[in-house]
Amino acid sequence: MSSPGSPVTVIGAGIVGLACARWLQRGGHDVTVVDPVAPGESCSFGNAGIISTSSVTPLAMPGTLAKLPGWLIDPKGPLVVRWPYLPRAMPWLLRLLAASRRSRIPAIADALRALNAPSLDAFSELLGRADFADLIRQDGVISAYESVAALDADAEVWAMRKARGALFERVEGAALRDLEPAINPLIPCAMFVQDTAHTINPLRMAKTLAARFLGDGGVIVENRVTRIECGEQGPRTLHLDGGAAHPVEVLVIAAGAWSRRLSSPLGSTPPLEAERGYHVTIAEAGIALKRPVSLASRGFYATPMELGLRIAGTVEFGGLDAPPDYRRADILLDHGRFLFPGLRDGGVSRWMGCRPSMPDSLPVIGRSPHYERLYYAFGHGHLGLTEGAITGKLIAELIAGKPTSIDIDPYRIDRF
């Protein structure tokens with residue numbers, strides 16, 4: 001527990017770190033954010049923009065093991081492992097498969113629902129009514145399928161979502177085209193999920209939070225943490241590039257895929273993997289979408305944004321330091337052309353970022369088991385945007401010594 005006005009340092013200026021900083025600031029703390037890049041310009045820059053309040057499905061489900069070999073040998077499939085990296089990725093992949101056991105799925109789904117259900121309310125409170133209305137659209141999403149059999153094969157997934165309160169309906173043929181005329185007429189069916197939203201610009205959302213934070217007296221230090229020096233109660237000094245040092249009273253590590261490197265010397269080594277994702281953003285796409293559309297079998301979303309149409313997704317394992325393989329982005333463009341036959345590719349930009357992913361699809365949120373003044377907020381995988389605002393609220397409640405809005409035991413760092 002930290003008294004109001006006491007200083008808190010947050011490592012990480014993505015959407016999660018900024019939400020932590022803003023909630024802490026609103027609670028009366030003096031907050032400094034440290035990150036080597038400007039706010040929102042790492043993984044938060046390039047996501048698909050989806051705020052999925054009803055998402056409860058873990059990354060791996062029963063049956064994933066049977067699909068894995070086919071994915072690995074398909075160069076255009078939703079999952080790629082760079083072969084030199086496979087030995088390093090294998091322990092994480094084995095834990096992923098362990099988390100997909102049928103006995104574990106209900107508890108994971110319940111924990112995802114608890115975290116995701118209040119996400120829009122948390123964003124509304126954090127951003128304020130005007131910025132929320134400016135940045136977020138609540139028009140649902142469409143999850144399209146290439147065959148009726150493929151949708152029927154996902155019956156368990158949709159039953160899980162329905163049992164936990166999701167709002168959706170099956171649409172076929174003309175009804176699907178009425179929702180989004182640009183969709184390929186060869187696509188026979190989809191689920192229209194009503195209780196999902198999206199942002200029209202993830203970077204501008206992050207910049208808006210950063211501007212509010214700075215305007216209310218927050219400090220952002222653009223530098224890289226090279227070492228964390230600890231005392232008996234926890235971190236006391238951040239050593240930065242160039243020899244600078246930053247004193248610490250309370251520390252929050254919210255550094256996304258880089259959080260394992262920071263937490264390991266502090267006694268906690270979570271099974272965090274850099275799950276690399278790509279996007280293409282098409283400034284002049286030549287089609288109009290009202291809402292995001294995904295193609296379930298190919299693992300991507302196409303989201304209408306103010307900068308154009310963004311097609312984002314797929315999974316690549318290659319570590320934090322390997323250079324991007326933009327052929328993965330070009331594959332997304334090919335998938336987009338299939339889903340939307342009228343798609344033009346005027347003004348295409350490509351991007352790669354590293355999702356911070358845990359094998360059980362649940363983030364790490366909570367206090368360190370080793371130090372009283374050290375807190376963790378990372379590992380949100382594909383749901384970083386969805387879970388950003390509520391994660392920040394939970395961290396602020398913890399540091400203030402208040403009861404948390406939801407039970408955070410499923411997200412503790414020592415659960416493995």
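When reading the values below, keep in mind they use all heavy atoms of this one structure, side chains included, and skip hydrogens, waters and symmetry mates.
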Please table the atom pairs, donor to acceptor, closer than 3.5 Å between any side-chain atom in residues 113-120 and protein atoms at least two apart or in another chain.
from	atom 1	to	atom 2	distance (Å)
R113	NE	R164	O	2.6
R113	NH1	T53	O	3.0
R113	NH2	R164	O	3.2
N116	ND2	S55	O	2.8
N116	ND2	L112	O	3.2
S119	OG	N116	O	2.8

Donor-acceptor under 3.5 Å (D154 side chain, L151 main chain): no
Polar side-chain atom of Y411 near backbone of A111 as donor-acceptor pair, under 3.5 Å: yes
For [X], give me all partners under ring-ring contact (aromatic ring centres under 6.0 Å, His included), at least two apart in sequence or on another chain.
{"X": "F317", "value": "W92"}
{"X": "H335", "value": "F300"}
{"X": "F132", "value": "none"}
{"X": "Y376", "value": "F378"}

Pair E273 + R95, salt bridge at N-O below 4.0 Å: no
Short N-O contact, R327 and D334, less than 4.0 angstrom: no
Minimum heavy-atom distance D152-R170, with the two atoms named: OD1-NH1, 3.0 Å
Non-hydrogen atoms of G40 and L18 that approach each other most closely: N-CD1, 4.4 Å
Partners passing salt bridge (Lys or Arg N to Asp or Glu O under 4.0 Å) against R415 (at least two apart in sequence or in another chain): D360
Can you run down the salt bridge (charged side-chain N to carboxylate O under 4.0 Å, His left out) pairs that involve [range], sequence neighbours left out, and say none if there aren't any?
{"range": "residues 388-398", "answer": "E125-K393"}
{"range": "residues 9-20", "answer": "none"}
{"range": "residues 312-324", "answer": "R82-E316, R261-D321, R276-E316"}

Residue from H198, M205, E306 passing side-chain contact (heavy atoms from CB on, under 4.5 Å) with L135: M205
Name the atoms and distances for all side-chain donor-acceptor pairs under 3.5 Å in residues 344-351, with sequence neighbours left out.
from	atom 1	to	atom 2	distance (Å)
D345	OD2	R337	NH2	2.8
R350	NE	D330	OD1	2.5
R350	NH2	D330	OD1	2.8

Minimum side-chain heavy-atom gap I399-V252 below 4.5 Å: yes
All pairs passing ring pair (Phe, Tyr, Trp, His ring centres under 6.0 Å) where residues 136-165 contributes a residue, at least two apart: W158-F168
Residue list, side chain to side chain contact (heavy atoms under 4.5 Å, CB included) with M305, at least two apart or on another chain: P202, T303, R310
